[in-house]
Amino acid sequence: AKSSRSNTVRQGKLRLQKWYTATAERDKKKMVRELMQVVLARKPKMCSFLEWRDLKIVYKRYASLYFCCAVEEQDNELITLEVIHRFVELLDKYFGSVCELDIIFNFEKAYFILDEFLMGGEIQDTSKKSVLKAIEQADLLQEVCDVHLGLL
Amino acid sequence: MPAVSKGDGMRGLAVFISDIRNCKSKEAEIKRINKELANIRSKFKGDKALDGYSKKKYVCKLLFIFLLGHDIDFGHMEAVNLLSSNKYTEKQIGYLFISVLVNSNSELIRLINNGIKNDLSSRNPTFMCLALHCIANVGSREMAEAFAGEIPRILVAGDTMDSVKQSAALCLLRLYKTSPDLVLMGEWTSRVVHLLNDQHMGVVTAAISLITCLSQKNPDEFKTCVSLAVSRLSRIVSSASTDLQDYTYYFVPAPWLSCKLLRLLQCYPPPEDGAVKGRLVECLETILNKAQEPPKSKKVQHSNAKNAILFEAIALIIHYDSEPNLLVRACNQLGQFLQHRETNLRYLALESMCTLASSEFSHEAVKTHIETVINALKTERDVSVRQRAADLLYAMCDRSNAKQIVAEMLSYLETADYSIREEMVLKVAILAEKYAVDYSWYVDTILNLIRIAGDYVSEEVWYRVIQIVINRDDVQGYAAKTVFEALQAPACHENMVKVGGYILGEFGNLIAGDPRSSPLVQFNLLHSKFHLCSVPTRALLLSAYIKFINLFPETKSTIQEVLRSDSQIRNSDVELQQRAVEYLKLSSIASTDVLATVLEEMPPFPERESSILAKLKKKKGPGAVSSTEQEDGKREGGELNGGGERGADSTIAASNASTPSPSADLLGLRSSGPVSAAPPSAGSLLVDVFSEAGPAAPAAAVNDDGFLSSAPPSVVSEDPAPPMPQSDELLHKFVCKSNGVLFENQLLQIGVKSEYRQNLGRMYLFYGNKTSVQFVSFSTSVTYTGELQSHIHELSLNVQTKPVEPLVEGGAQVQQVINIECLTDFSDAPLLNIKFRYGGALQNLTLKLPVTVNKFFQPTEMVSHDFFQRWKQLSQPQQEAQKIFKASHGMDKEVLKGKRIMENFVCAGVIQTKAQQVGCLLRLEPNAQAQMYRLTLRSSKDTVSKRLCDLLAEQF
């Protein structure tokens with residue numbers, strides 16, 4: 001899946017965005033606005049895919065959050081849907097029943113998890129264990145550093 | 001895992017985020033942010049050096065502000081400092097900031113690159129991964145220049161950790177996408193391909209994305225991946241749901257990897273190795289079988305993952321388009337999904353079936369689902385699903401079901417969403433034209449379209465109906481009657497008035513016998529709409545009125561009265577006023593004969609591609625036409641003839657009316673006038689092909705009369721020599737070339753320059769005397785041989801040569817112009833005989849004039865579905881010619897590159913001859929392994945297929 005970007009939206013507020021193609025800042029804002037309108041207008045039970053510009057949008061709603069990926073024409077929609085789900089699972093596992101506030105206050109962690117899972121829009125590893133292990137290791141390093149700092 | 005402590009130590013950040021969240025209004029939020037920005041700026045600028053922790057905190061705050069949608073124009077330097085830190089947490093935040101905020105800022109990139117370089121060589125896998133992520137996120141050219149050489153080494157090195165390998169593979173992919181010229185796989189190719197065999201599934205998952213992208217661009221170098229991919233796939237497909245441990249997702253073994261493997265295989269034609277192919281077919285069958293098994297879990301994730309693989313497998317089956325059994329099974333499976341309760345599956349099934357519909361093996365199977373699809377169009381609640389249903393109906397339409405499908409689409413149009421109406425209108429119009437058996441049905445359909453969705457009927461659609469009515473005299477009476485009836489409605493759409501005005505103006509006489517539609521009744525009916533119409537429509541109606549005066553002299557006084565009224569003759573719109581004035585004058589002073597000539601019925605429009613189809617393509621974007629066809633069409637067209645733009649429509653203009661903007665203009669058909677009326681346009685050799693003096697032949701023209709008689713008799717009486725042995729080879733050189741050296745020996749060089757348009761061609765021959773002695777009695781003649789001669793009454797080519805000067809000085813060059821008109825298709829080239837005396841000795845040589853039937857080829861754009869439909873229609877054995885031959889020039893990389901369906905090039909075009917137009921379809925299937933091609937030509941004329949096949953087979 002070459003998601004040119006994925007993001008997380010709530011009631012018109014963007015919580016997390018990641019772009020995998022070089023895009024000018026102004027265009028990004030415009031696209032985000034446009035995309036929010038399109039996605040928020042969708043009713044439940046509608047299908048999770050829609051054509052948008054020359055891309056396909058795959059989205060799914062979790063509680064109050066919408067997770068959206070914009071993928072290319074030939075990409076597989078269903079597997080993209082599961083990319084979203086796997087990301088949500090990772091957040092959930094890491095934060096322990098993730099809620100929107102976790103993503104707001106720990107946005108940098110959410111980014112690290114996303115980066116560990118996807119890179120350049122492609123899946124780096126699909127194993128939950130591998131991704132979380134990488135994050136844990138990083139956290140461990142962080143603590144070591146912090147202790148180190150404390151000693152100074 | 002327990003919840004981690006949040007925001008580790010960055011209390012300031014958490015407080016700031018809370019503050020923002022507590023803001024009651026947008027203004028308050030902006031105020032708070034500005035305060036914070038000012039604070040951070042002063043901290044960064046202050047003389048007191050910040051410690052790493054504070055820097056990290058402030059950079060994080062900036063990041064947060066940025067994510068709220070505010071612009072951030074500082075902090076980059078601090079971020080770069082952070083990423084060069086040796087503390088992991090600082091480094092990580094530094095990289096994150098750069099990744100999110102920097103696209104490519106060359107100043108900064110150099111500094112960032114330094115940090116990255118250090119981390120890449122640190123041998124600390126976590127640092128290396130961070131650095132690779134940063135490269136992938138920014139992906140700029142500077143970064144590619146700095147690291148594209150290093151990363152492949154990291155990727156294939158034996159001691160690289162798995163996690164680093166994964167990052168390296170995807171990082172390289174990103175660089176390849178942005179700067180393919182900098183990423184040279186070369187020596188690494190085979191080791192990268194063998195990553196498909198890696199024990200670590202994560203490495204395979206990451207590497208396959210890279211391999212797929214590289215294979216698309218360099219299929220030959222990576223083709224060994226096919227067998228590796230098949231065996232990997234086979235192992236996954238046959239494994240039990242628990243075998244792959246963490247790579248099993250909701251009881252589905254490695255769904256992501258499976259999808260990617262199936263996608264990789266779509267870069268290649270079916271495997272040639274029987275064993276590999278057998279194994280793959282087995283995999284595909286297993287995947288299809290699994291779809292029928294009861295689900296192992298009720299969770300939607302299970303079915304999504306399973307079906308993701310299934311759809312990818314079906315995409316591969318469609319891509320191969322060679323296994324009828326699998327295609328039909330795929331179609332049946334999709335048929336089941338059409339009625340599935342999951343909207344997503346219905347959507348995807350409709351979408352996927354669209355491509356199945358264009359395969360000749362499954363077209364019929366798709367058609368059996370017509371009722372379900374029609375039902376979907378009527379009952380689906382989601383517009384995007386309905387849209388897919390409409391697309392599928394369009395794709396499955398053929399002669400057998402066109403009436404039903406068009407009727408359903410029309411009835412859907414009445415309630416269709418505004419967003420898709422215009423496209424629906426175009427589709428209905430195209431189908432109605434394409435599958436019209438009787439044209440009265442076609443006319444009814446288009447008028448219905450205007451009635452139901454007049455606002456969405458674009459100009460192209462109503463132009464087209466008029467073109468067709470004008471070109472087919474069997475439908476003109478019916479069309480006149482039908483528009484007359486349609487105009488009876490008290491409120492009818494303006495487009496209806498336009499069509500009505502035009503058609504009654506041309507063919508109103510065909511229904512004038514009935515007193516209920518007498519000329520005056522017709523006129524009054526049209527004129528009753530006049531005042532409600534816009535200016536362009538009124539202008540069209542005025543032209544219709546003047547045509548009425550010609551058709552029905554009894555309406556003359558009524559119409560003149562109307563034209564004379566102040567609202568016309570003094571209309572504030574200059575166009576209307578001019579028409580009224582000129583038409584009034586024309587009708588009063590011109591004799592009946594003159595009037596009849598000026599206002600003659602419109603001549604038939606030249607047949608060409610429907611403008612509606614072009615419009616649909618434009619609307620749908622380039623994706624609607626497969627890139628293969630488009631590119632090949634262009635290539636073929638560009639090289640086989642020098643097609644130029646069509647001339648303007650002066651004939652139509654003259655035949656219609658004498659105003660500066662005649663009604664032909666209203667129809668916007670500028671681009672389709674007969675080519676013979678083309679006005680001279682700069683730079684075209686072909687402007688006046690058959691006029692007397694060509695631009696470069698004045699000398700020849702002067703000598704025209706006296707030439708034959710003044711030539712020495714001995715030369716003329718000399719029989720032309722038989723064609724030289726190499727003349728065939730020389731001819732083949734020019735099949736795809738219009739300029740070049742045709743022949744050369746020690747004495748003489750003959751150059752050719754040629755240009756073709758439609759069925760006309762002009763060729764310039766340049767005879768160069770290579771010696772220092774003059775040639776005397778220089779003469780040339782063009783003769784026909786073989787079938788050309790035997791059908792003397794039915795000449796295939798009309799070739800006119802202009803004589804050349806009988807003296808060619810040493811070192812000089814003379815030029816000869818040859819005009820060629822293709823009357824019917826032909827196989828043999830005309831012979832060019834050249835005689836001259838060089839130092840007393842007679843030189844007599846005969847060559848083949850490089851004129852081949854493909855020169856009169858005009859490319860046609862066609863969507864793949866249409867192509868295969870027409871392909872099927874030309875299925876009689878004598879319509880096809882096929883050759884299998886060895887590639888004589890090797891397989892050209894440039895040609896193969898970038899093609900999604902590499903094993904199948906197609907192109908379509910029309911051979912233009914005076915007698916008829918012969919539609920041709922071509923399919924070229926290269927087999928890269930065997931270096932062989934299979935070339936298949938189908939056309940409506942057996943001789944054309946055969947000849948084209950022979951000619952083109954020599955070209956690869």
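Fair warning: this is a prediction, and the values are worked out from it, not measured in the lab. In what follows, every chain begins at residue 1, and chains take the letters A, B, ... in the order their sequences are listed.
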Next item on the list: Measure B:Glu351 against the heavy atoms of chain A and call it side chain, backbone, both or neither at under 4.5 Å.
Entry: side chain
Margin query: Using heavy-atom distances under 4.5 Å, tell me whether B:Ser18 contacts chain A through its side chain, its backbone, both, or neither.
Written below: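 For B:Ser18, backbone and side chain are both near chain A.
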Next item on the list: Report the option among B:Ala315, B:Ala254, B:Ala206 that has the most heavy-atom pairs separated by less than 4.5 Å from atoms of chain A.
Entry: B:Ala206
Check: Would you call B:Arg388-A:Glu51 a salt bridge at under 4.0 Å N-O?
Finding: yes
Notebook entry, point to check: Any Lys/Arg nitrogen of A:Lys43 or B:Asp382 sitting under 4.0 Å from an Asp/Glu carboxylate oxygen of the other?
Noted result: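 No salt bridge links A:Lys43 with B:Asp382.
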Next item on the list: Would you please classify the geometry between the A:Phe107 ring and the B:Phe64 ring as parallel, tilted or perpendicular, with 30° and 60° separating the classes?
Entry: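 Rings of B:Phe64 and A:Phe107: tilted, 30 to 60°.
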Check: Any idea how B:Tyr347 and A:Phe49 line up, ring-wise: parallel (<30°), tilted (30 to 60°), or perpendicular (>60°)?
Finding: tilted
Distance-only donor-acceptor check, side chains [X] and [Y], under 3.5 Å:
X        : Y        : result
B:Gln166 : A:Asp125 : yes
A:Asp115 : B:Tyr95  : no
B:Ser167 : A:Gln124 : yes

Can any side-chain N or O of [X] pair as donor or acceptor with the backbone N or O of [Y] at less than 3.5 Å?
X        : Y        : value
B:Asn344 : A:Ser48  : yes
B:Arg263 : A:Gln74  : yes
B:Asp246 : A:Lys128 : yes

Next item on the list: Quick one: closest heavy-atom pair of A:Asn76 and B:Ala308, and the distance?
Entry: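 Shortest heavy-atom separation between A:Asn76 and B:Ala308 comes out as ND2-O, 2.9 Å.
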Next item on the list: Return the set of residues passing salt bridge (Lys or Arg N to Asp or Glu O under 4.0 Å) with B:Asp162 (not counting sequence neighbours), or none when no residue passes.
Entry: none
Gap separating the [atom1] atom of [X] from the [atom2] atom of [Y], nearest 0.5 angstrom:
X        : Y        : atom1 : atom2 : value
A:Glu108 : B:Ile93  : CD    : CD1   : 5.0 Å
A:Met119 : B:Leu132 : CE    : CG    : 5.5 Å
B:Leu345 : A:Leu78  : CG    : CG    : 6.0 Å

Next item on the list: Apply ring pair (Phe, Tyr, Trp, His ring centres under 6.0 Å) to B:Phe16 and list each qualifying residue two or more places apart in sequence or on a separate chain.
Entry: none
Notebook entry, point to check: Given the options A:Lys129, A:Lys45, A:Met46, A:His85, which has more heavy-atom pairs under 4.5 Å with chain B than any of the others?
Noted result: A:His85
Next item on the list: Go through the atoms of A:Ile104 and report whether side chain, backbone, both or neither lie under 4.5 Å from a heavy atom of chain B.
Entry: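 The answer is both parts of A:Ile104.
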Checklist line | Trace of the salt bridge (charged side-chain N to carboxylate O under 4.0 Å, His left out) decision for B:Asp71 with A:Lys29 | finding: CA-CA 11 Å; B:Asp71 293 326; A:Lys29 279 190 182 161; 3.0 Å; yes
Checklist line | salt bridge (charged side-chain N to carboxylate O under 4.0 Å, His left out) evaluation trace for B:Arg174 with A:Glu122 | finding: CA-CA 9 Å; B:Arg174 176 66 203 272; A:Glu122 300 285 342; over 6 Å; no
Checklist line | Residues B:Trp256, A:Val83; criterion side-chain contact (heavy atoms from CB on, under 4.5 Å); working and verdict | finding: CA-CA 9 Å; B:Trp256 281 280; A:Val83 166; 3.3 Å; yes
Check: Is the closest side-chain heavy-atom distance between B:Pro255 and A:Ile79 below 4.5 Å?
Finding: yes
